[in-house]
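First up is the structure itself, then whatever we jot down about it.
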Amino acid sequence: MRPVFYARPVVEVARELIGCVVSHDGCAGVIVETEAYHHSEPACHGFVGLTERTRVLFGPPGCAYVYRSYGVHACLNAVCEPPGVGAAVLIRALEPVEGIDRMRRRRGLDRLEDLCSGPGKLTQALGIGLEDNGCQLSRGPVLIARRPRAWRGAQIAVSKRIGITKATELPWRFCAVGSRCLSRPAFSRA
DNA sequence: CATGGGATTGACT
DNA sequence: GTCAATCCCATGC
């Protein structure tokens, strides 16, 4: 989608990204799990303000913010809100739709539900790395495209975010209800 | 310049 | 359920 799609409140974008399609290097998957992060709350990297690490996070909406997690994994985010606001949507899980054999090779696993059911898993499956940090999601190499019609009516669950120690009370996680490719099951709904 | 911690995963008990 | 791997960077001395 164009940058204007992302230039809105990050929680709104996080919800609307469910059902959209991420693609990179011949592989693609439908987004089934997201989380919103905003510099006003301490779980966000941007909470400490603008630094070299968070430069992309505070930059123009519609760019990819890719960071290393636990020194091991890469995580993919879509930068949101106007420039100067540190906000992004963490892409937490996909349902594979294209390039599945390539994903299997990259992951060293067979089962469809194991390929992209976590933020570190999906970047590995799609071959997304730190070198993609800052790229425009409307131009690539990492792309996010509009929701296919079949996903327009998907029911969405809302819950607290996962794997963080601060601001854990915010209901900023969104999941496609019934998907078998979530990083963890969805509970509440809305 | 040294240190500590993290938006995770996979292997093992 | 527990735990190591592994590295970037913010922080503090």
Side-chain angles (χ1 to χ4, degrees), chain A residues 6 9-15 17-18 20 22 27 29 31-59 61 63-81 85-96 103-135 137 142 144 157-176 179-187:
Chain A
Y6 302 94
V10 64
V11 176
E12 198 175 311
V13 178
R15 171 185 281 272
L17 278 174
I18 298 294
C20 294
V22 180
C27 299
I31 300 172
V32 292
E33 183 178 343
T34 62
E35 284 177 359
Y37 288 85
H38 188 276
H39 75 242
S40 61
E41 46 89 12
C44 182
H45 292 171
F47 186 65
V48 295
L50 178 59
T51 65
E52 179 52 29
R53 182 199 196 189
T54 58
R55 186 172 43 81
V56 171
L57 184 62
F58 281 89
C63 291
Y65 170 49
V66 184
Y67 69 92
R68 186 175 297 289
S69 173
Y70 290 89
V72 181
H73 310 281
C75 292
L76 171 67
N77 301 253
V79 176
C80 294
E81 311 218 8
V85 179
V89 175
L90 171 66
I91 312 298
R92 288 194 54 92
L94 309 175
E95 286 197 12
M103 293 186 190
R104 289 195 171 109
R105 239 172 290 132
R106 288 195 176 117
R107 295 272 300 129
L109 295 168
D110 274 352
R111 292 174 53 224
L112 210 61
E113 315 86 62
D114 293 332
L115 297 178
C116 299
S117 54
K121 297 178 184 179
L122 70 92
T123 52
Q124 186 185 22
L126 271 64
I128 295 168
L130 300 185
E131 66 276 12
D132 296 303
N133 189 38
C135 83
L137 293 167
V142 182
I144 298 184
V158 185
S159 67
K160 297 174 180 179
R161 296 176 294 181
I162 291 178
I164 56 173
T165 56
K166 300 164 213 161
T168 55
E169 72 288 353
L170 296 174
W172 284 6
R173 174 178 179 238
F174 300 91
C175 295
S179 173
R180 296 187 310 279
C181 298
L182 300 175
S183 67
R184 324 247 332 224
F187 294 114

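For the numbers below, each heavy atom of this structure counts, side chains included, while hydrogens, waters and symmetry mates do not. Fair warning: this is a prediction, and the values are worked out from it, not measured in the lab. Throughout, a chain's letter reflects where its sequence line sits, starting with A, and its residues are numbered from 1.
- Helical stems in DNA chain B, defined as runs of 3 or more consecutive Watson-Crick or G-U wobble pairs with donor-acceptor distances under 3.5 Å: B:1-6 with C:7-12, B:8-12 with C:1-5.
- The distance between atom CZ of A/Phe58 and atom C1' of C/dC9, rounded to the nearest whole Å, is 15 Å.
- Side-chain rings of A/Phe47 and A/His38 stay apart, their centers remaining 6.0 Å or farther from each other.
- At a non-hydrogen distance threshold of 4.0 Å, nothing from residues 119-129 of chain A comes into contact with DNA chain C.
- If you check residues 32-53 of chain A against DNA chain B, the residues with a heavy atom closer than 4.0 Å are A/Tyr37, A/Ala43, A/His45, listed by number.
- Applying the salt bridge (charged side-chain N to carboxylate O under 4.0 Å, His left out) test to pairs two or more places apart or on separate chains, those with a residue in residues 34-50 of chain A are A/Glu35-A/Arg92, A/Glu41-A/Arg161.
- With rounding to whole Å, A/Lys166 atom NZ is found 11 Å from C/dA10 atom C1'.
- Separating the C1' atom of C/dG1 from that of B/dA7 is a span of 22 Å, rounded to the nearest Å.
- Shortest non-hydrogen contact noted between A/Pro119 and A/Cys75 is CB-SG, 3.9 Å.
- A/Ile91 and A/Leu122 make their closest contact through O-CD2, 3.4 Å (heavy atoms, listed as atom of the first residue, atom of the second, distance).
- Remark: A/Tyr67 engages A/His45, A/Tyr65 in a ring pair (Phe, Tyr, Trp, His ring centres under 6.0 Å) (not counting sequence neighbours).
- Side-chain N or O atoms of A/Thr168 include none that pairs as donor or acceptor with a backbone N or O of A/Thr165 at under 3.5 Å.
- Side-chain contact between A/Leu182 and A/Val32 is present, with heavy atoms from C-beta onward closer than 4.5 Å.
- In this structure, CD1 on A/Ile164 lies 11.0 Å from CZ on A/Arg173, to the nearest 0.5 angstrom.
- Among B/dA7, C/dC8, C/dA5, the nucleotide with an atom closest to any side-chain atom of A/Val72 is C/dA5.
- Note: CZ (A/Arg184) to P (B/dT9) measures 11 Å, nearest angstrom.
- Taking every heavy atom of both residues into account, A/Leu90 and A/Leu76 meet most closely at CD1-O, 3.6 Å.
- For A/Tyr67 and B/dA7, a side-chain-to-base donor-acceptor distance below 3.5 Å is present, hydrogens and geometry of angles not being considered.
- Near DNA chain B, defined here as any heavy-atom distance below 4.0 Å, the residues from residues 85-96 of chain A are A/Leu90, A/Arg92, listed numerically.
- Atom CZ of A/Arg184 is surrounded by 12 or fewer heavy atoms from other residues, nucleotides or ligands within 6.0 Å.
- A/Cys116 places a side-chain heavy atom less than 4.5 Å from the side chain of A/Met103.
- Closest non-hydrogen pair, A/Leu137 versus A/Ala78, comes out as CD1-CB, 3.6 Å.
- Atom pair A/Arg55:CZ and C/dC8:P shows a separation of 15 Å (rounding to whole Å applied).
- The shortest distance between the side-chain N/O atoms of A/Arg107 and the OP1/OP2 oxygens of B/dT9 is not below 4.0 Å.
- Taking the nucleotide of DNA chain B with the nearest heavy atom to each of A/Leu109 and A/Thr165, the more 5' of the two is matched to A/Thr165.
- Summarising the geometry, the separation between OH on A/Tyr70 and C1' on C/dC9 is reported as 15 Å, rounded to the nearest angstrom.
- Between the CH2 atom of A/Trp172 and the C1' atom of B/dA7 there is a distance of 13 Å, given to the nearest Å.
- Rounded to whole Å, atom P of B/dT9 lies 16 Å from atom CD of A/Glu113.
- A donor-acceptor contact under 3.5 angstrom links the side chains of A/Arg107 and A/Gln124, judged on distance only.
- Between A/His73 atom NE2 and B/dA11 atom C1' the separation is 12 Å, expressed in whole Å.
- Side-chain atoms of A/Asn77 and A/Val56, non-hydrogen and from C-beta on, never get closer than 4.5 Å to each other.
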